[in-house]
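These notes are about the structure you will find just below.
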Number of protein chains: 2
Amino acid sequence: MRKPVRIFEVAKEAGVSPGTVSKVLNGTQRMAAATEARVWKAVSKLGYQANLHAQILSTGRSRALGIVILDILNPHFTALVKGSGQVATERGYTVLLADAEENPKREQELIQSLRARTDGLILAGSRLTDQEIACLHSPEQPIVTVGRRIAGVPSVTVDEYTASLQLASYLVGLGCQRILYLAGPPFWVNQERERGYRNALEQAGLTPQVLSLTSPDLLGGEQASALLWTMQPFPDAVICYNDLAAIGLMASLKTLGVRVPQEVAVVAFGNHPLAAHLSPSLTHMEIPSRRLGELAVGLLVGLLEQPQEEPQPVIQYAVLRPRESSRIG
Amino acid sequence: MRKPVRIFEVAKEAGVSPGTVSKVLNGTQRMAAATEARVWKAVSKLGYQANLHAQILSTGRSRALGIVILDILNPHFTALVKGSGQVATERGYTVLLADAEENPKREQELIQSLRARTDGLILAGSRLTDQEIACLHSPEQPIVTVGRRIAGVPSVTVDEYTASLQLASYLVGLGCQRILYLAGPPFWVNQERERGYRNALEQAGLTPQVLSLTSPDLLGGEQASALLWTMQPFPDAVICYNDLAAIGLMASLKTLGVRVPQEVAVVAFGNHPLAAHLSPSLTHMEIPSRRLGELAVGLLVGLLEQPQEEPQPVIQYAVLRPRESSRIG
DNA sequence: AACTATTTGGAAAGCGCTTTCTAAATCGCT
DNA sequence: AGCGATTTAGAAAGCGCTTTCCAAATAGTT
């Protein structure tokens, strides 16, 4: 059991004071070249590694960022994490990740825990109230939300309204008459998507029809098929809140003997890596999840390093990827 | 900008010393009921939250666990994380997650970073050498590996050899004659799977044939189809290192006009959530990823709390899930 | 009532690093 | 050679909490 080396021992080895070692290591103050050399030599000889917590306690900064995601099984969030990691590394930060498991109580705990360990937090897919999130944000411990717009809180979002308008219009263009929207949880993203959907349908003179998913995942999609089944008349197109739900729905429809897209087209929002590999492959509005992660980190680091600047909300756009699940006529 | 409350101010408010507050909060030493009440009252009045880093610096323990996973886009690892989170919470630990992005250099950095922040680490799908990992393990900072058996390092693994033997035997039983194994990276898991595969084929009097995936993911699977294409004679079954590769392969075969399972059966190891939703649905040896995460945390916490005990390697078993991709004859 | 055992709570020494402040040493000029 | 300007490096005061040790107060016992 070798005890970790402390700065004191390095100082001794190099024949200088601990303060000097600290300054050399952090480049805080120039020292004579000879002194610096002795310090570096001692450091590598003893294999010195500064105690992180002492450092943080002393400086008040951890050079770590926290990300709390709604559900690690959802590819949207994992792609987002992928994007965040790279940018964070470039900017000299470590990313600490936590999975809220779609549970607000757990989310609160994780936020507390990560907050104590990091300089700032990214909330992707939060289930907290706007109030709760707004309270958390402060210049010293900034919060960046992804997929949620809250007054006073910096955010990175997709223009969901336009994306949804475009997706619904696409279906209208294909000649669909009875377009159903399978809604997700009642947060910002869903509100925007629903609004875009309704507007598109009204513009086309069609009647919006909204059903709520029991959950925004495979299971929710599977369960939705039961609801669809009872609908009279049967819809000729379904827009799903996310691609997980669409995949569940399509699987379930197949067992019910309903053919996609011949009897009903199925489209969704998302960027599931298998969307193109399914049969039928899935038409979706591609959400740039990875890019959202990159931008969120960029924004957060900006807030940490230029605290004075008022950040503008960052907005990205989704791209329509037509595939077989909407290949009609 | 409200400065966080310090223990000193709580002490003042309650009319006691900081040491007393600490003891009450941590239940380290019994105090008179009246005193405890005053302390609790002061704490909630001021909204006191102990500074984590001061605490860690002082006690030397962080009550956090680190998990480094190979690739957050791979469902095997995300399921594993899901399992770990719950158990960790039960045992009073926070999980800090990091994604190595299949990059050994990055993995090393993340390990260093997490090591400094946690009491112990779980390495799931490491790309480091046995040497490197063995060096990291110590009673004070234990390491638990998942999917890797290294002398002296506690581990949680699946009996991959038996799983592979069983999977290959299943194909033999179906009458397959030319069974190809698409190998993953040359680490423990793949070695065991390849060994099981070879043994099963030799027992059946068949000739093993192994090709290596360029990467153990969708892309690797897609690229493998090109290799298959040139094979003479064409295999009648392919065992893929993981289900991601199988999915990529099947998609690619479809575009080449090769029918699965009629012309070639495709099976894999894994527990991809969509395995049953694809068409054809994918036969695999189901790896209990989530359970591995639960067990790894259990093992690690055990090591932290009963340092004297010598841990036994934990072994789990895979389950065969026959589906359409091997529905022959 | 006297004396020992037990509670109760404070003082203070860390934990390991950073950073300010200052003194000593060196340098550049005239 | 002498003086101010600049380097160079150490001393020491934190950062905020825990924990050991010890004294005072209280309870228990004969």
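In what follows, every chain begins at residue 1, and chains take the letters A, B, ... in the order their sequences are listed. Here the structure is a predicted model, which is why all the values come from computation and not from measurement. Heavy-atom basis, side chains included; hydrogens, waters and symmetry copies ignored.
The closest side-chain heavy-atom distance from B:Asn51 to B:Arg6 is not below 4.5 Å.
A donor-acceptor pair shorter than 3.5 Å can be found between the side chains of B:Arg106 and A:Thr89. Checked by atom type, the side-chain pair A:Gln55/A:Arg63 shows no donor-acceptor distance below 3.5 Å. If you check the side chains of A:Thr129 and A:Glu132, you find a donor sitting under 3.5 Å from an acceptor.
Along DNA chain D, read 5' to 3', the first and last nucleotides having any atom under 4.0 Å from a heavy atom of chain A are D:dT8 to D:dG16.
The neighbour count for B:Gln49 CD, taken as heavy atoms of other residues, nucleotides or ligands under 6.0 Å away, does not exceed 12.
Looking at which nucleotide of DNA chain C each of B:Gly19 and B:Thr59 is closest to, the 5′-most match is held by B:Gly19. Residue A:Thr20 is the one, among A:Ser58 and A:Thr20, whose nearest nucleotide of DNA chain D lies closer to the 5' end (criterion: closest heavy atom).
Checking A:Val144, A:Val87, A:Val156 one by one against A:Val297, the side chain to side chain contact (heavy atoms under 4.5 Å, CB included) holds for a single residue, A:Val87. Applying the side chain to side chain contact (heavy atoms under 4.5 Å, CB included) test between A:Leu121 and each of A:Ile143, A:Ile133, A:Leu96 identifies A:Ile143 as the sole match.
The distance from the NZ atom of B:Lys82 to the CD1 atom of A:Ile72 is 7.0 Å, given to the nearest 0.5 Å.
The stretch residues 22-35 of chain A touches DNA chain C through A:Ser22, A:Lys23, A:Asn26, each having a heavy atom within less than 4.0 Å of the strand.
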